[in-house]
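Following: one structure in structure tokens, then a few remarks.
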2 protein chains.
Amino acid sequence: MAATLHDVARLAGVSIKTVSNVINDYPHIRPTTRERVEAAISELGYTPNLTARNLRSGRTGAIALAVPDLSLAYFAELAAEVIAAAEAAGVVVLVEQTGGDRDRELELLRSPRLKLTDGLIFSPLGMGQDDVAALDVAYPMVLLGERIFDGPTDHVTMRNIDAARAATEFLIAAGRRRIAVVGAHEGELIGSAALRLRGYVEALEAAGIPYDDDIVGYTTLWHRANGAETMREILARGVDFDAVFGLNDTLALGAMRVLQVEGRRVPDDVAVLGFDGLDEAEYSIPSLTTVDPGRDWIAKTAVATLLERIAGRADAEPRTLLADFQILQRESAPAVR
Amino acid sequence: MAATLHDVARLAGVSIKTVSNVINDYPHIRPTTRERVEAAISELGYTPNLTARNLRSGRTGAIALAVPDLSLAYFAELAAEVIAAAEAAGVVVLVEQTGGDRDRELELLRSPRLKLTDGLIFSPLGMGQDDVAALDVAYPMVLLGERIFDGPTDHVTMRNIDAARAATEFLIAAGRRRIAVVGAHEGELIGSAALRLRGYVEALEAAGIPYDDDIVGYTTLWHRANGAETMREILARGVDFDAVFGLNDTLALGAMRVLQVEGRRVPDDVAVLGFDGLDEAEYSIPSLTTVDPGRDWIAKTAVATLLERIAGRADAEPRTLLADFQILQRESAPAVR
DNA sequence: TTGAAAGCGCTAACAC
DNA sequence: GTGTTAGCGCTTTCAA
């Protein structure tokens with residue numbers, strides 16, 4: 001059985017309050033008393049029972065992070081950054097996977113398991129604008145992603161439209177005119193896919209290039225296999241194109257593989273550009289030009305914002321915080337053709 | 001303020017014990033009483049305070065998973081599987097990153113933050129056999145990996161030597177004789193690198209092929225950049241080789257990129273084989289032949305074993321559980337040259 | 001079948 | 001400076 005405050009107090013010949021004072025660095029303690037207590041603590045190998053402390057204080061020192069799936073590289077890298085930022089603040093992270101399923105996301109928001117934490121960083125994928133009311137929860141929450149806007153909570157996200165527009169403009173400036181898209185979501189109006197497609201369309205319009213649905217590839221999931229499959233579909237249509245904009249890196253990498261297998265030279269015949277700034281995009285063949293949407297900033301800001309809320313800025317208006325993006329120029333899409 | 005048992009009891013006109021009975025599905029309750037209590041619960045939106053329950057029961061319903069870094073694909077996929085297995089058992093997972101640093105690993109083992117959980121699944125990378133004593137902790141733990149053997153805890157791991165030997169034999173059977181290695185750790189005797197290298201050497205010896213240090217590439221980290229850099233070093237030596245065994249997939253993918261950039265055809269000139277069975281190995285160009293070391297089984301078994309320990313098999317002897325491996329045959333290393 | 005009350009280990013008023 | 005004590009919200013004997 002682990003030692004308690006009482007055990008330490010008995011051994012040191014003081015009251016539990018004194019021991020508590022020592023542990024919590026209360027300033028006014030006689031040095032000799034402190035020494036006795038510290039000796040007793042190390043002799044017994046005492047560590048405070050955090051559960052008891054939490055019950056008393058109403059805090060747990062943990063936050064929850066809910067993402068669709070850690071085996072998706074984007075969310076793995078996001079989680080790594082969130083955990084690092086939380087650790088720097090002395091907080092641990094409980095990770096939940098929702099599978100991007102709306103029902104599981106809604107269930108999670110009501111789950112008593114969240115009681116183990118002081119707040120939630122939530123990245124939904126299945127919920128939509130209609131579910132905005134479900135976000136009105138009794139605990140501090142920071143929302144990530146682009147499924148829901150104008151919710152009742154702080155929202156940290158990226159400039160999807162602007163970044164996709166800039167990416168498309170980059171391809172146009174490099175002399176590409178027939179820019180295929182991989183990863184659009186059929187009929188979708190919200191979410192990353194829709195916003196990035198909008199940025200793409202805006203850039204085309206600004207350049208006077210007509211939009212052509214024949215070079216837009218639709219899919220549901222954003223796995224590598226989907227990128228490959230969608231690219232094959234576009235190729236099978238027999239249409240002409242000189243660039244591919246993958247709506248994320250994973251799709252772009254899958255598409256790039258198919259292009260090469262089918263004998264297209266990248267970037268000579270077809271330039272390829274992704275979105276997410278994944279580590280692995282730097283090591284594909286050719287290396288992938290991509291948009292870094294500011295994921296690291298998003299992770300740090302989400303943690304900082306959540307901890308502020310937990311610390312008591314409960315009354316303040318919900319804020320939306322937008323990350324800066326940048327294009328990471330690599331081999332798959334050079335600036336000049 | 002959230003409702004408590006007392007609030008519910010008062011509203012339902014019963015004692016808190018009765019409410020507690022209802023919540024915990026205690027069988028002998030008069031139906032009318034149960035209804036009254038349930039009505040009160042839903043009227044108040046009561047959910048039990050898990051912290052209080054934990055303090056009482058001594059359990060938290062959470063386990064910790066400590067890995068080097070979630071941005072390493074192997075650990076991200078492992079974490080995804082651990083979290084899924086834990087969720088199926090009704091347990092949540094707190095994820096810690098150690099950076100693979102020995103001091104941080106040792107510190108973690110003593111961290112009071114672990115008090116928030118019932119046990120730990122620990123995948124060390126910096127600790128070694130000399131640190132085995134540090135594993136003798138007061139809480140349930142399951143060890144992963146190959147840094148420490150014969151420790152005082154359950155150990156779930158893979159057949160590194162056998163699997164690496166089988167991988168090398170596969171290349172030999174395919175007619176390769178000069179098999180380079182990427183990712184060896186200089187002077188290391190324990191850990192994945194050392195064990196996999198041993199399997200490689202055993203296979204060479206069994207086939208009567210001399211070991212040649214000139215085609216063994218050393219590195220410290222197992223990032224993609226290290227695989228690329230190590231491959232460049234081997235190429236710079238001007239030695240001859242017809243295959244590359246990457247000690248993990250990430251290294252193999254980095255190496256394969258360099259080979260292709262330098263004009264070697266994969267697999268015609270050089271076959272490439274990895275280790276880990278990562279998802280992405282299926283979508284490289286060419287797709288990567290690799291060893292699946294049984295990661296999914298490891299994750300499920302680690303969770304199940306830890307939960308058994310937590311449930312009270314504390315006395316039982318520590319067990320070592322070994323996963324089955326298999327070679328996933330793809331394009332980068334065909335069975336026949 | 002239900003109630004009363006102790007206590008899990010800690011913090012923080014409040015006393016001395 | 002240090003001790004006493006009342007809870008935090010729950011589970012669990014033990015009685016009724």
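Quick note on labels: first sequence line is chain A, next is B, and so on, each numbered from 1.
- Checked for salt-bridge contact, B:Glu308 and B:Arg319 meet the test: a charged N lies under 4.0 Å from a carboxylate O.
- Taking only side-chain nitrogens and oxygens, B:Ser20 comes nearer than 4.0 Å to OP1 or OP2 of D:dT11.
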Yes or no on side-chain hydrogen bond (donor to acceptor under 3.5 Å, both in side chains) for B:Lys115 and A:Thr51, after CA distance, side-chain angles and deciding distance? CA-CA 7 Å; B:Lys115 280 282 175 65; A:Thr51 304; over 6 Å; no

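- Taken to the nearest 0.5 Å, the CG atom of B:Asp324 stands 12.0 Å off from the CE atom of B:Met158.
- Contacts between residues 109-118 of chain B and DNA chain D, counted as heavy-atom distances below 4.0 Å, involve no residue at all.
- One finds no salt bridge joining B:Asp276 and B:Arg295 here, because no Lys/Arg side-chain nitrogen approaches an Asp/Glu carboxylate oxygen to under 4.0 Å.
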Full working for salt bridge (charged side-chain N to carboxylate O under 4.0 Å, His left out) between A:Glu107 and A:Arg102: CA-CA 9 Å; A:Glu107 188 190 329; A:Arg102 175 174 174 272; over 6 Å; no

Decide salt bridge (charged side-chain N to carboxylate O under 4.0 Å, His left out) for B:Arg104 and A:Glu87; before the verdict, give the C-alpha distance in whole Å, the side-chain angles of both, and the deciding distance to 0.1 Å. CA-CA 12 Å; B:Arg104 283 177 65 191; A:Glu87 200 204 334; 3.1 Å; yes

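- Overall bending of the helix from C:dT1-D:dA16 to C:dC16-D:dG1, expressed as the angle between end axes built from five pairs apiece, is 40° (10° steps).
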Between protein and nucleotides 1-5 of chain C, what N or O pairs are separated by less than 3.5 Å?
from  : atom 1 : to      : atom 2 : distance (Å)
C:dT2 : OP1    : B:Thr33 : OG1    : 2.3
C:dT2 : OP2    : B:Arg30 : N      : 3.2
C:dG3 : OP2    : B:Ser15 : N      : 2.8
C:dG3 : OP2    : B:Ser15 : OG     : 2.9
C:dG3 : OP2    : B:Thr18 : OG1    : 2.3

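- The shortest side-chain heavy-atom distance between A:Arg53 and A:Ile23 falls under the 4.5 Å cut-off.
- Taken from CD1 in A:Ile63 to CG in A:Asp118, the straight-line distance is 9.0 Å, to the nearest 0.5 Å.
- For B:Ser111, the side chain to side chain contact (heavy atoms under 4.5 Å, CB included) criterion is met by B:Arg113, not counting sequence neighbours.
- What separates CG of B:Asn24 from P of D:dC10 is a distance of 10 Å, to the nearest Å.
- Remark: B:Ser71 engages B:Asp69 in a side-chain hydrogen bond (donor to acceptor under 3.5 Å, both in side chains) (not counting sequence neighbours).
- Within residues 45-64 of chain B, the residues approaching DNA chain D are B:Tyr46, B:Pro48, B:Asn49, B:Ala52, B:Arg53, B:Arg56, by heavy-atom distance under 4.0 Å.
- Between A:Phe122 and A:Leu135 there is a side-chain heavy-atom pair separated by less than 4.5 Å.
- Distance CD1 (A:Ile23) to P (C:dG9): 14 Å, rounded to an integer number of Å.
- Between the CG atom of A:Asp154 and the OG1 atom of A:Thr320 there is a distance of 8.0 Å, given to the nearest 0.5 Å.
- Here D:dT11 presents its C1' atom at 9 Å from CG of B:Leu5, a figure rounded to the nearest Å.
- A heavy-atom distance below 4.5 Å is not found between the side chains of A:Thr4 and A:Asn49.
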